[in-house]
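Down below is the structure, laid out as structure tokens.
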Amino acid sequence: MENVMVWIWLAVTIIAVLIELATPQLISIWFAAAGVIGIIFSFIPGLPWWGEFIIFAAVTTICIFALRPFIKKRLKSNKLKTNIDRLIGQKVRMLSQADFDNLGTAKLGDVVWSVKSQDDTVLPVDGIVEIVSIDGNKLIVKLCD
């Protein structure tokens, strides 16, 4: 029976890895880790299959509740930056006024962008503003002092 369990745990591990690759939600990877532990424990003579299953379930549970939040937090801190992020911090001159009711415009390179104040202050024509974020196709800016 031990030889069969090695193959079962190997299949569980491979399937869990394939599922994790298809849906990277950090759920099935813990089943893969527990499957590797199951392979190791399947070489212990006299350990019944249900004992291996209890160990598998315990390792999976511990990994999901102890390691997943830690790993997920670490992965979120590495936010994927895009080319548009390089615009943040740049200063541009206003082409048209922006106020609470209307978006203004500013030219950055060869592109004319819609501009909105981050705090709803009036952004005058020819005023210099700094880009603080980007919301869709609008630059969110603050007036430079």
Side-chain angles (χ1 to χ4, degrees), residues 2-44 49-145:
E2 289 83 20
N3 194 18
V4 172
M5 290 308 294
V6 170
W7 293 107
I8 290 173
W9 293 126
L10 182 61
V12 166
T13 303
I14 291 170
I15 290 169
V17 167
L18 291 175
I19 291 171
E20 187 65 36
L21 289 174
T23 59
Q25 297 298 317
L26 290 178
I27 293 292
S28 59
I29 194 68
W30 308 118
F31 289 94
V36 170
I37 300 298
I39 291 171
I40 293 168
F41 274 91
S42 69
F43 287 109
I44 295 176
W49 68 269
W50 53 266
E52 293 174 27
F53 182 77
I54 290 172
I55 293 168
F56 170 81
V59 170
T60 301
T61 304
I62 290 168
C63 287
I64 287 174
F65 291 111
L67 294 176
R68 184 175 186 264
F70 174 74
I71 299 296
K72 199 160 186 166
K73 187 169 89 172
R74 298 281 253 147
L75 289 176
K76 278 187 180 178
S77 67
N78 298 331
K79 183 183 172 193
L80 180 64
K81 293 207 174 213
T82 62
N83 288 337
I84 204 76
D85 291 326
R86 66 182 165 79
L87 301 179
I88 296 173
Q90 290 190 20
K91 294 183 170 97
V92 294
R93 184 177 309 274
M94 294 295 296
L95 297 176
S96 65
Q97 178 175 308
D99 54 39
F100 180 76
D101 292 326
N102 302 306
L103 294 175
T105 56
K107 189 172 185 179
L108 184 59
D110 293 334
V111 179
V112 176
W113 288 80
S114 295
V115 177
K116 180 180 179 185
S117 172
Q118 75 174 1
D119 55 2
D120 293 326
T121 58
V122 174
L123 304 172
V125 175
D126 290 331
I128 303 297
V129 295
E130 181 180 345
I131 302 167
V132 293
S133 67
I134 299 167
D135 182 20
N137 63 348
K138 292 182 290 293
L139 299 177
I140 309 300
V141 300
K142 67 179 181 180
L143 196 56
C144 291
D145 298 322

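Basis for what follows: all heavy atoms, side chains included, without hydrogens, waters or symmetry-related copies. We number each residue from 1, following the sequence as shown.
Counting all heavy atoms, side chain and backbone alike, Lys91 lies closest to Cys144 at CE-SG, 3.5 Å. Across every non-hydrogen atom of Thr105 and Val115, the tightest pair is C-CG2, 3.9 Å. Closest approach of Ala98 to Gly104, counting heavy atoms only: CB-N, 3.3 Å.
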For residues 132-142, tabulate all N or O donor-acceptor pairs below 3.5 Å that involve a side-chain atom, not counting sequence neighbours.
none

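Each ring-ring contact (aromatic ring centres under 6.0 Å, His included) pair with one or both residues in residues 9-30, not counting sequence neighbours, appears once here: Trp9-Phe56.
Residues satisfying the side-chain contact (heavy atoms from CB on, under 4.5 Å) test with Asp110, not counting sequence neighbours, are none. In this structure, the side-chain contact (heavy atoms from CB on, under 4.5 Å) partners of Val125, at least two apart in sequence or on a different chain, are Gln97. Taking the side-chain hydrogen bond (donor to acceptor under 3.5 Å, both in side chains) definition, one finds that Ser114 meets it with nothing, sequence neighbours left out. Annotation: side-chain contact (heavy atoms from CB on, under 4.5 Å) contacts of Asp126 (sequence neighbours excluded): Arg93. Under the side-chain hydrogen bond (donor to acceptor under 3.5 Å, both in side chains) criterion, Thr60 pairs with no residue, sequence neighbours left out. Remark: Thr61 engages Phe65 in a side-chain contact (heavy atoms from CB on, under 4.5 Å) (not counting sequence neighbours).
Considering CE of Met5 and CD1 of Ile44, their distance stands at 12.5 Å, rounded to 0.5 Å. Note that the OG atom of Ser117 and the CG atom of Leu103 stand 11.0 Å from one another [nearest 0.5 Å]. From Glu52, atom CD reaches atom CD1 of Ile40 across 11.5 Å, with rounding to the nearest 0.5 Å. Rounded to the nearest 0.5 angstrom, Ile8 CD1 and Thr13 OG1 are separated by 11.5 Å. A distance of 10.0 Å separates CD1 of Ile55 from CH2 of Trp50, quoted to the nearest 0.5 Å.
Between the Thr23 side chain and the Ile19 main chain, a donor and an acceptor come within less than 3.5 Å of each other. The backbone N or O of Ser28 lies less than 3.5 Å from a partner atom in the side chain of Glu20, making a donor-acceptor pair.
Leu87 has its side chain within reach of Trp113: a pair of non-hydrogen atoms, C-beta onward, lies under 4.5 Å apart. Using a 4.5 Å cut-off on side-chain heavy atoms (C-beta onward), Val92 and Lys107 make no contact.
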Q) So Asp99 and Leu123, side-chain contact (heavy atoms from CB on, under 4.5 Å) or not? Walk me through it. A) CA-CA 6 Å; Asp99 54 39; Leu123 304 172; over 6 Å; no
Q: Go through the steps for Leu143 and Ile128 under the test side-chain contact (heavy atoms from CB on, under 4.5 Å), then give the verdict.
A: CA-CA 6 Å; Leu143 196 56; Ile128 303 297; over 6 Å; no
